[in-house]
Each structure stands twice: as structure tokens, then as C-alpha cells.
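Heads up, the thing below is written out as C-alpha cells.
Not measured: the values here are computed from a predicted model. Below, read A as the first sequence line, B as the second, and so on, with proteins coming before strands; counting in each chain starts at 1.
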Number of protein chains: 2
Amino acid sequence: MTTAAARPATLEDVARAAGVSRSTASRVIAGTGAASPEARDRVAAAADRLGYVPNAAARALVRGAGVRLAVAVTGTTSAVLEDPYVARVVAAAAQVGTPHGIGVSLHWLPRSAPQALRELAYDRGVCGIVLVNTTGSVLDAVPRSLRGRVASIGIGSRTVPAFDVDNGGGTTAVLHHLYATGRRRIAMVTGPRWLMCAGRSVRAYRQMVREAGLPVRLVRGDFTPARGRAAAVEVMERWPDTDAIFAASDPTALGVIAGLRRRGVLVPGDVAVAGFDDIPLAELSTPALTTASHPVGRIATAAAQAVLDRRPVPPATFFPSALVARDSA
Amino acid sequence: MTTAAARPATLEDVARAAGVSRSTASRVIAGTGAASPEARDRVAAAADRLGYVPNAAARALVRGAGVRLAVAVTGTTSAVLEDPYVARVVAAAAQVGTPHGIGVSLHWLPRSAPQALRELAYDRGVCGIVLVNTTGSVLDAVPRSLRGRVASIGIGSRTVPAFDVDNGGGTTAVLHHLYATGRRRIAMVTGPRWLMCAGRSVRAYRQMVREAGLPVRLVRGDFTPARGRAAAVEVMERWPDTDAIFAASDPTALGVIAGLRRRGVLVPGDVAVAGFDDIPLAELSTPALTTASHPVGRIATAAAQAVLDRRPVPPATFFPSALVARDSA
DNA sequence: GTGAAAGCGCTAACAA
DNA sequence: TTGTTAGCGCTTTCAC
């Protein structure tokens, strides 16, 4: 039961109310060090009664720890910060930080100036960093001082553990589905070239078509619907007999469908279309989009947790991506 | 030019390097108080050279300010925190906080226990609160101590400034469009009853149909696609001659379209469908969704800025919502 | 098991 | 204009 107070209670208040010293109160509250069961009870009761909440700033100051988790997104322009995908990562990270009294800040890492990362690393307010859309040069710019308190959603390095969806597995699952349903001339609209983790999908595609003896039909994409629209046209002009298009992201796939429809191509009748990510609205599109799942929330949660808990983690954790078969393919 | 350092520089380091006292350095860095141009230069140079970044925790501690901005979302279950809309708000707030060295944390306010807000208010780490999906009882639970550092996205109160989209205006714009294109039996799928800001849309609907002498056809919704599907069925069964359905959210509208299609109803041929929010994928659906814009990012940015800047703001700021006419209506 | 005391990095009186 | 001083609230040796 918490009682209203003009001024939020401090540890000193709690200690006094419990009749112990500040140190003892601190040990009990922080759960560190020993204390007699009696003292423990009295402090807990007092804290409860006063509605005591530890001051995160003071705690961080004395511990030399930071007080916020930085989400740093690599991109060509700061517009990447408006991306719904980034928003989901930030929200998940914020949820993880909350019980620790840790907030999340959002930063843009210019693709051309990855050293901007150093500034973050030198900010003592930053207790850890979650990298998004990581590139090789960003990874190279990670200072040693960050070791153990940085994680990457995307590719990783020896010092930066990676958390990501298993693009390869998801891609393979989708392509197998396409193949199993009779498609033999499958084109792919990829992610941006500079985004290394997108390369895993492309590799899976190449391997699959090679093994099946199918033609390679690659078109560069950038995850946007607009690019999907254009890519659909491009594909049908270069390879008119294409019977399936796999896009590395759902928004792009939806754009592909729109582009195809505009040309009078039937989906999935003439051309099957599949995406990747299973965004909330994939099932609401017409036709409902066949895609592969992408547990963004779980991935971001794991990454944030890893940096906040300073727990040793494997160099790379891949979250499974499963086929979500609907109507478009 | 910043130089790598084993240990991030402190203000003390900067002062020493600049040959001034810590206070002078503080004044220069914080931009508060006076300092000679000479001292100013020397400190700035030293700070730059050492790659100095102020310690947010120390600063917050001495100032008695917090270090994070809490985004508190009211909802029946903690699942509201997974909502893409909430994610956009959090991301926008995080962006606003970043230059201040302020992080964002995300909290669920149980609809049945709005007093959970007190805990946040007593947390000295919290410098301000942005309320989302505000209800009357949440507003009542806002302690006086929060005055000036709380804002609401949704409804407000005498002490809590509100920032929201002009639902009324957007709704009216959509309904006028429906009317102008010949629709006369317009049903509406509303938002959840407890969400007061959703009431503005309903009021606009009631007024519009009354003035035009049209029948009132209201069905309760909850912003989800699933509910939209069911609502479509419900509407067509209760009022088979309905020729337009307006949903208070785009996901619901998409669900309505799906439900209608399942029954063989043509959109927009038989029934026009319009939504509200203009989510990124509204233009990619089939048919492309007619809706009203909802600048979530700008609204959240304004709300976050208001609490961080402690700037006096009007009791309510409404952001215009414009008709986005596409194919579904 | 407990308390006294020092100090994390910074700002804000106050005095010079 | 500048430096000195006293904390902000907390954790953490180190004695007892």
C-alpha cells in the first residue's frame, strides 16, 4: 500500500522509518549483501508504506552504469527512424528496459559515417546499444569499450552478438512451397544491397534455384512497396514467362501485387506472389499474402535483454521463420 | 574531433584541460550562467578534444529531474503494448528524447487500476509522462505533482493537455465523401466504448446522419480486423440495404472488406468501405482503402516535446485529419 | 549483521 | 567573471 507524499520518498526516509541505517536499507532494497530477516522485513514494510521507488539516476551514477539503452539504426537518411519495423524494435526494447528503470533512445547512424557510434559509446548515460540494420563498417566502428553491452539485430561480429530471423530458412520454406505448387520460373525482389543480413535470403534463393535447376531471376529491391510495384513491371518485362515472384519483405510483395494487377496479371492465377515478414496486415490483403513469419518483437526483446542483463550469449541467435501459406501463392 | 579514451571524460577532465574550474566548465557546457568568451572557447575546445559527453544521470540527479519519459498506455490487458500504434508513439517519443539524453520507457496502465499511475509519478527517474488511450479515471488519477510534465494523446483535462487527431473533422470529411458519392444508408463500426477520444467520431457520425436525414446504424468495434470482419456480417444482417460502412480504424475497415467479400458483397460496388488512420498499407489493399489521415508521429512528437520542454501548451491541440480518397469508397 | 563515511559527476548558491 | 563549497540519492568499502 502506497501513501501519497508531497515529496517522493528517498532511501534515507525509508531507513529512518525502518529504524536502520541507510546502508542496511540499501542492501535490502537492492537485494545485495546480507541483512537480518528482521531488518529485511522492517525495511520492506517501510518502503512499501512510503511508496518508495529507487532513483534510477542516483543508482546509475554511483554504479557508473548508464541509464538508457540506445537503439542505433543504420540507414542512408534519418528517415529510417520512421520505419514501422524500427518502431517495433524500439517498443520492444522499451518494454524490456522498463523494469530496470532504463529508457530507450533512438539514434540514426548515417551509413556514410558509422563513427557516429563512438559518440554513443562515450556517453556515460548509455548503458548499452542495440544495433539495427547493421553493416560491416558499423561493426568495425564498435569500440572495445562497448564489449558486452552491445547487440545487433542483423549481422554480428566476433565482439557483437547477433540476433535475427533465420532469413535463409524462411526463404527456403517459401521457395519450396512455390516449387511444390508447380512454380518453375521464380523471380526474387531482394533487399537493399548494403544490408548484409538481407544477403542470407539471396543466398538461400540462389542455392534453391540452382539445386532445382531453375533460372536465376534477381531484381534489387529496398523493402518499400513503391519499389515492389516497379520491380513487378521490371520482372515481367525482362522475363515474361515468370510464374512466381518472391519479395524479401511484405510491403514490397504487396507492391508487387499492385504492380501486377495494374498490368492485368492475375495473382495467384498467372503469377504467385510471396513475401517475408508476416506483417499484421498480410492476412488482410487481397489475395491474402503468403509469407514467412518474422518474430520482430521476440528478436528485439532478446537483443535488449542480452545487453541489459550483460549475460553471455552465443555469437548468433537465429529465430525460426515459418511459412504462412495463404492465398497469393 | 574526438579522441578515443580509455575512460570517458568527465567535466573535471575538461575543466583541467581548459585550465578553468569545474563550475566554469559547467556553465559553458550547460549554456547557463556567464563566462568570458575566452573561457568559453577554451572549454569548448577541450570538451571537443576529449570527446566529452555530459553524464545524464549525474545531471538529472543534481537537478532533481528524471532521466526518462514514460509512455503509459491504458488498456484492458498488457497486450496493448504490442499495438503498432503504440510502437509509433514510443518511437516518436524516443526520437524527441534523444537530444535531451532522455530515454523512453513503456508502461501498461490497467484500465481497472488507473492508480498504477501513482507509482510512475513517484518514480524520480521519470521526468514526464505521455498518456495514451486516456480514460476519465486515468485522468482523475493524475497526481498534482505531475502537473506540467504530463500530456495525453487522446482526451485531456484541466491539468493534462491533450494532443490528438481531429477525429470529428476526419470523420465528417469521410462521411461527406460517402454522401457525395451517393451513399445514403451508412453504417459505422466504432471504437471501444471505454476509449473516450473515439467518442468524437461517433458524435460526428450522429450529427452528420441526423442533418442529412439518414438512418443511424452503429455497431461497436474495437479497432481490430477480426472485429471488422464480424461487424460487417452483423451490419449486413441487421440492415441488408446498407450501402456504405465507415470504420473508425483502418485495420477494422480492412476486416470489414474481408468480411464483406466472404459474403459475396462487392466493394465498392455494393457497399463502399472507408476507414480512419491511413496506415502505411491502406494504399496497398484491394481495393485501395479510402480513409482519413492520422499524423500519429507528429502528434506523439508534439506531446513528448510538450512534457520535455515544460513549455506551456493549450489545453487541447487537434491535428487535422484529411480525406484520402482511394478506391474502396 | 550493521553503521559511518566516502564519493559517483554534476549544478547551483555564494563569495571573492 | 570566476572559484569554492555543498549537496542530489544512492552504493560500497571498511570498521565495528
Tell me which pairs pass salt bridge (charged side-chain N to carboxylate O under 4.0 Å, His left out) where either residue lies in [range], with sequence neighbours left out.
range	value
residues 299-316 of chain A	Asp309(A)-Arg311(A)
residues 122-149 of chain B	Arg68(B)-Asp123(B)
residues 85-96 of chain B	none

Name of the residue among Ile129(A), Ile153(A), Val104(A), Leu131(A) meeting side-chain contact (heavy atoms from CB on, under 4.5 Å) with Val71(A):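 With Val71(A) as partner, Ile129(A), Ile153(A), Val104(A), Leu131(A) yield a single side-chain contact (heavy atoms from CB on, under 4.5 Å), made by Val104(A).
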Derivation and outcome, side-chain contact (heavy atoms from CB on, under 4.5 Å), residues Arg111(A) and Asn133(A): CA-CA 10 Å; Arg111(A) 200 146 69 72; Asn133(A) 285 2; over 6 Å; no
Watson-Crick or G-U pairs under 3.5 Å in DNA chain D, rendered as dot-bracket with [ ] for crossing pairs and | for another strand: ||||||||||||||||
Closest contact, heavy atoms only, [X] versus [Y]:
X	Y	answer
Ala60(A)	Val67(A)	CB-CB, 4.2 Å
Ala303(A)	Ala151(A)	O-CB, 3.9 Å
Ile155(B)	Cys197(B)	CG2-N, 3.8 Å
Ala306(A)	Phe163(A)	CB-CZ, 3.7 Å
Tyr122(B)	Gly51(A)	CB-O, 4.2 Å
Gly154(A)	Asp164(A)	CA-OD2, 3.3 Å

Closest-nucleotide ordering on DNA chain C, the 5'-leading residue of Arg27(B) and Arg27(A): Arg27(A)
5' precedence on DNA chain C between Ala57(B) and Thr32(B) (nearest-nucleotide basis): Ala57(B)
Start and end of chain B contact along DNA chain D [non-hydrogen atoms, under 4.0 Å]: dT1(D) to dG9(D)
Enumerate, atom names and distances included, each donor-acceptor pair closer than 3.5 Å involving a side-chain atom of residues 25-39 of chain B, sequence neighbours excluded.
residue, atom, partner, partner atom, Å
Ser36(B), OG, Ala39(B), N, 3.2
Glu38(B), OE2, Arg42(B), NH1, 3.2

Contact residues, residues 35-43 of chain A to DNA chain C [heavy atom, < 4.0 Å]: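 Ala35(A), Ser36(A), Ala39(A) - these, ordered by number, are the residues of the stretch whose heavy atoms sit under 4.0 Å from the strand.
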Residues which pass salt bridge (Lys or Arg N to Asp or Glu O under 4.0 Å) with Glu12(A), listed by chain and number, not counting sequence neighbours: Arg22(A)
Residues within residues 16-26 of chain B bordering DNA chain D, heavy-atom distance below 4.0 Å: Val20(B), Ser21(B), Arg22(B), Ser23(B), Thr24(B)
Where chain A begins and ends its contact with DNA chain C, read 5' to 3' at 4.0 Å from heavy atoms: dG1(C) to dG9(C)
Sequence neighbours left out, cut at 3.5 Å: what donor-acceptor pairs do the side chains of residues 75-85 of chain B make with other protein atoms?
residue, atom, partner, partner atom, Å
Thr77(B), OG1, Ala79(B), N, 3.1
Asp83(B), OD1, Tyr85(B), N, 2.7

Under 3.5 Å, which donor-acceptor pairs link side chains of residues 90-102 of chain B to any protein atom two or more places apart or in another chain?
residue, atom, partner, partner atom, Å
Thr98(B), OG1, Leu106(A), N, 3.0
Thr98(B), OG1, Leu106(A), O, 2.9
Thr98(B), OG1, Ala94(B), O, 2.8

